[in-house]
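Report on the structure given below.
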Amino acid sequence: MKIATYNVNGVNGRLPVLLKWLKEEKPDVVCLQELKAPQDKFPEAEILEAGYKSVWLGQKSWNGVAVLSKKSEPIISRKSLPGDDSDEASRYLEVKIDDLIICCIYLPNGNPVPGPKFDYKMQWFERLQAHAEMLITSRKKVLLIGDFNVMPTEKDVYKPEKFAKDALFLPEVRDAFHDLIGQGWTDALRHLHPDETIYTFWDYFRNAYQRNAGLRIDHFLLSPEVLPQLKKAGVDKEVRGWEKSSDHAPVWIELE
DNA sequence: ATGTCGCCTCGCAGGCGA
């Protein structure tokens with residue numbers, strides 16, 4: 001079973017690229033982030049035509065998350081993180097697909113630092129930690145998947161010193177990520193490729209992709225009940241080089 | 001500071017978020 005995550009940066013503007021990638025790679029389940037489309041503008045019919053049932057959480061202009069599934073229908077169990085009823089951003093969608101709980105995550109970027117956006121990121125992180133603790137305690141097969149907007153270590157940044165004061169790499173942000181991992185989650189890509197340089201995002205600026213000036217910010221965190229099934233993991237890096245590509249590449253894992 | 005995208009609007013250019 002192949003599960004993928006892809007920050008599309010506009011699901012409608014990206015539709016030809018998304019459909020081409022789905023056709024080539026045929027993932028069983030896909031988490032999408034940054035739909036940048038209101039609820040009624042999600043391209044459900046085109047994606048269904050490509051062989052995927054989908055559930056989604058839209059929002060005008062910003063954010064937006066979706067889960068696509070080829071075989072079993074995704075059943076929504078949560079449309080937001082607990083802990084702040086005033087948070088209207090579409091950033092969290094939790095579904096059941098067979099015996100798996102799939103949590104599709106679009107963690108706030110947090111720049112500029114300091115400021116309200118960074119405060120929001122840290123609050124969102126705390127809410128994620130609290131909910132993740134509950135999920136991992138359930139002993140079910142849970143996967144936290146998506147754009148975490150965090151480079152966990154120096155190995156995950158092309159030039160760490162350049163990002164020392166960035167909301168994606170500040171020590172307190174990395175600490176929050178490592179505290180989350182500390183609950184018992186496994187970073188699937190790093191687990192299978194401990195020493196490799198792996199990037200999932202390349203800025204549109206300054207030919208970042210051509211220079212391989214990338215970041216690893218899209219992650220799969222597996223609960224202990226899923227980990228024994230993990231067989232492979234990788235990044236579809238070439239997709240980032242396609243015409244009209246997102247600034248992220250699709251990332252995937254294979255479960256037995 | 002800048003670069004480049006995608007989406008939106010008291011819209012066809014400029015602001016915002018990333």
Side-chain angles (χ1 to χ4, degrees), chain A residues 5-21 31-44 46-47 56-66 86-93 104-125 128 145-152 156-170 173-174 176-177 199-219 235-251:
Chain A
T5 183
Y6 189 17
N7 179 321
V8 287
N9 188 12
V11 71
N12 286 304
R14 203 68 58 214
L15 196 56
V17 169
L18 174 63
L19 294 175
K20 181 182 177 203
W21 168 72
C31 294
L32 300 178
Q33 301 86 30
E34 279 208 80
L35 303 180
K36 289 185 167 180
Q39 189 68 16
D40 62 351
K41 291 281 162 53
F42 183 83
E44 181 184 20
E46 291 87 339
I47 288 173
W56 67 96
L57 217 54
Q59 184 180 330
K60 196 169 86 172
S61 305
W62 319 120
N63 311 318
V65 285
S86 69
D87 184 5
E88 308 240 302
S90 296
R91 294 181 175 276
Y92 184 86
L93 185 58
C104 179
I105 288 168
Y106 178 46
L107 206 135
N109 176 297
N111 280 309
V113 182
K117 289 186 181 168
F118 186 68
D119 297 340
Y120 172 59
K121 178 176 196 166
M122 297 313 288
Q123 286 157 15
W124 208 92
F125 228 133
L128 178 61
I145 301 171
D147 179 0
F148 285 71
N149 271 312
V150 181
M151 294 84 89
D156 303 310
V157 197
Y158 70 99
K159 203 179 262 191
E161 63 276 13
K162 205 170 139 56
F163 286 82
K165 292 177 179 172
D166 192 281
L168 280 68
F169 198 56
L170 275 174
V173 176
R174 279 184 273 167
F177 187 85
Y199 299 140
T200 66
F201 167 95
W202 297 261
D203 214 308
Y204 287 125
F205 303 159
R206 304 180 221 89
N207 288 318
Y209 180 65
Q210 287 73 14
R211 297 185 295 119
N212 199 27
L215 310 172
R216 190 174 76 96
I217 57 178
D218 301 274
H219 306 296
V235 181
D236 290 334
K237 190 176 172 181
E238 69 287 349
V239 177
R240 177 63 182 83
W242 290 0
E243 190 82 7
K244 298 224 77 188
S245 159
S246 167
D247 40 7
H248 295 247
V251 189

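- Rounded to the nearest 0.5 angstrom, A:Y6 OH and A:T200 OG1 are separated by 11.5 Å.
- Under the salt bridge (Lys or Arg N to Asp or Glu O under 4.0 Å) criterion, A:R216 pairs with A:D156, A:D187, not counting sequence neighbours.
- Distances from the side chain of A:Y204 to the nucleotides B:dG17, B:dC8, B:dC5 place B:dC5 closest.
- Comparing the P positions of B:dT2 and B:dC7 gives an interatomic distance of 24 Å, to the nearest angstrom.
- Two residues, A:F201 and A:V8, neighbour DNA chain B, and the one matched to the more 5' nucleotide by heavy-atom proximity is A:V8.
- For the C1' atom pair drawn from B:dG6 and B:dA1, the interatomic distance equals 22 Å after rounding to whole Å.
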Tabulate protein N/O versus nucleotide N/O from nucleotides 9-12 of chain B, keeping only pairs under 3.5 Å, one per line.
residue	atom	partner	partner atom	Å
B:dT9	OP1	A:K60	NZ	3.1

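- Across B:dC8, B:dA18, B:dG6, the shortest atom-to-atom separation from the side chain of A:P38 is found for B:dC8.
- Residue A:S61 places its side chain closer to B:dC8 than to any other of B:dC16, B:dC8, B:dA18.
- Nucleotides B:dC10 and B:dG15 have their P atoms positioned 14 Å apart, rounded to a whole Å.
- In DNA chain B, runs of at least 3 stacked Watson-Crick or G-U pairs (N1-N3 plus N6-O4 or O6-N4, or N1-O2 plus O6-N3, all under 3.5 Å) give these stems: B:4-9 with B:13-18.
- In the set B:dG6, B:dT4, B:dC8, the nucleotide with an atom closest to the side chain of A:F205 is B:dT4.
- Atom P of nucleotide B:dC8 and atom CH2 of A:W62 are separated by 8 Å, given to the nearest angstrom.
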